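Here's the structure we're looking at; comments come further down.
What you are looking at is a predicted structure, and each value in this text was computed from that prediction instead of being measured. Sequence lines set the chain letters: A, B, ... in the order given, protein chains first and strands last, and positions in each chain run from 1.
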Amino acid sequence: MLKTTPLNRIHRELGARMVDFGGWDMPVQYSGVIDEHLAVRKTAGLFDVSHMGEIEVCGAGALDYIQQLTTNDASKLIDGQVQYSAMCYENGGVVDDLTLYRFAADRYLFCVNASNIEKDFAWMKGVLEKGDFAAVSLANRSDCYAQLALQGPCADAILARLTDSDLAALVFYNFIEGEVAGVKTIISRTGYTGESGFELYFAPEHAETIWNALMAAGEPEGLQPIGLGARDTLRLEKKYALYGHELSSQITPLEGGIAWITKLDKPSFIGKEPLSRMKEAGVPRRLVGLRMTQPGVPRENYPVFIGDEEIGIVTSGTMSPSLKVGIALALIATGHHSVGTEVSIGIRKRRVAAEIVKTPFV
Amino acid sequence: MEVRNNLRYSEDHEWVLVENDIATVGISDFAQDAMGDVVFVELPEVGSNLDAGQPFGVVESVKAVSDLLAPLSGEVVEINEELLDTPDSVNSSPYEDAWMIKIKLADDAQVEALMDAEAYRSCIAEQ
């Protein structure tokens, strides 16, 4: 039995194509992936991301616990700030990447990937029980929140019509608790598209109200519903990692392109030792951006070559709707990973030329 | 979904137009809709020999790669070169602009084994 979000009925009424996404019945597209992708880049799009998980950490000592659990430095957060972070296993492989919200010194919320909710919660519980965190409590609040992402250059103008909160004062990776269409909402200036925009969290029973209010408010700009297909191409053009592709239990954050949120100078965190050793010995492979220089579409698991030597593997790839050329993220052996390197990608029986390029792609 | 009466169809959603001993092949309106935005097409070389059921090319949407399977056996005598540069015509004109290959039929009896329009309508109605 697939899990559904509170907007399932609306997606079906809109004629979305629905797919099984990690056990969730989710819209992959409405009008078409390319049309939706370009709408977000040009005007604005609305995404149902209610499948994402929310795990609350409360109590005295919450920060110490989170510092152990995550790779980024959570002590830098103040109330109302969000931080992109990750959790690692003891061996340095990634449990999940996440966004961390600080509501108060003793209250935080983790937003985690939908397909990892149970795994993450079990991992977090294990860490809690093993450590000295008697006053810290953990709760899986995923059923208490629906989540919408409103993304694109017109997102501010659209949301401003439905809230009294001061959006102009809300800077990137900050959030406020306000009202949207009369409903109590966490308004977070974050997203997964590289455009300006918001992620909105609220009680699931209000999901249709807020969805409909936003779609109506965005009518002048042509606000469109956006499926998971375009969510993937939008993030890929910005080189944002997707768990299960660029990050996994077999890929460390240093390899998977999120070294910048891996603070090896923190006193300690789970996975720090093997990651520090890896850094010292030299990170064996790096995440790079590839752009096809011959016609072809790179896809996950296609091999990457220099001459006859296999030097890496594609982790995500697509035809970029913005650039109209094949692009990919790939894990490449260190030493072969510099921008400008000419490579080829094994596509079926052929070798197709590509180049390592600067990222983001757009 | 449009199903044209003058065509034959395979279970893999290719259409076939037979004129004398030449079969023109493409993919159906149903197939292009299921695939979504087509961004890349790969076709065989002229002169290659195909067996019915054998992959002869590839259609890629933003999300996925789909094999094209030969609905009939025979020699490829022409391919739609223009389609390689305009893969989106698979979505906009699956029965006209986006024809893919022409095959010189090896076995006429294979044509009879394909579905007619009525049978194909029932086939897609079940999906």
Proximal component of D33(B), with respect to chain A [non-hydrogen, under 4.5 Å] =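 Backbone plus side chain of D33(B), per the 4.5 Å heavy-atom cut-off to chain A.
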Between S248(A) (side chain) and Q250(A) (backbone), is there a donor-acceptor pair under 3.5 Å?
->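 Indeed, once roles are kept as given, a pair shorter than 3.5 Å links the two residues.
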Could you check which of R17(A), Q29(A), K324(A) has the highest count of heavy-atom pairs closer than 4.5 Å to chain B?
->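 So the answer, after comparing R17(A), Q29(A), K324(A), is R17(A).
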Partner of D25(A) under salt bridge (Lys or Arg N to Asp or Glu O under 4.0 Å), chosen from R9(A), K3(A), R12(A) =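 That would be R12(A); it is the only one of R9(A), K3(A), R12(A) passing the salt bridge (Lys or Arg N to Asp or Glu O under 4.0 Å) with D25(A).
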With the threshold set at 4.0 Å, does a side-chain nitrogen-carboxylate oxygen contact exist between R8(B) and D116(B)?
->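 Here R8(B) does not pair with D116(B) in a salt bridge, since their nearest N and O are not under 4.0 Å apart.
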Under 4.5 Å from a heavy atom of chain B, the part of P295(A) involved |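 Contact with chain B is through both the backbone and side chain of P295(A).
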Identify which one of I101(B), I27(B), L114(B) satisfies the side-chain contact (heavy atoms from CB on, under 4.5 Å) criterion when paired with E14(B).
->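 For E14(B), the side-chain contact (heavy atoms from CB on, under 4.5 Å) test succeeds with only one of I101(B), I27(B), L114(B), which is I27(B).
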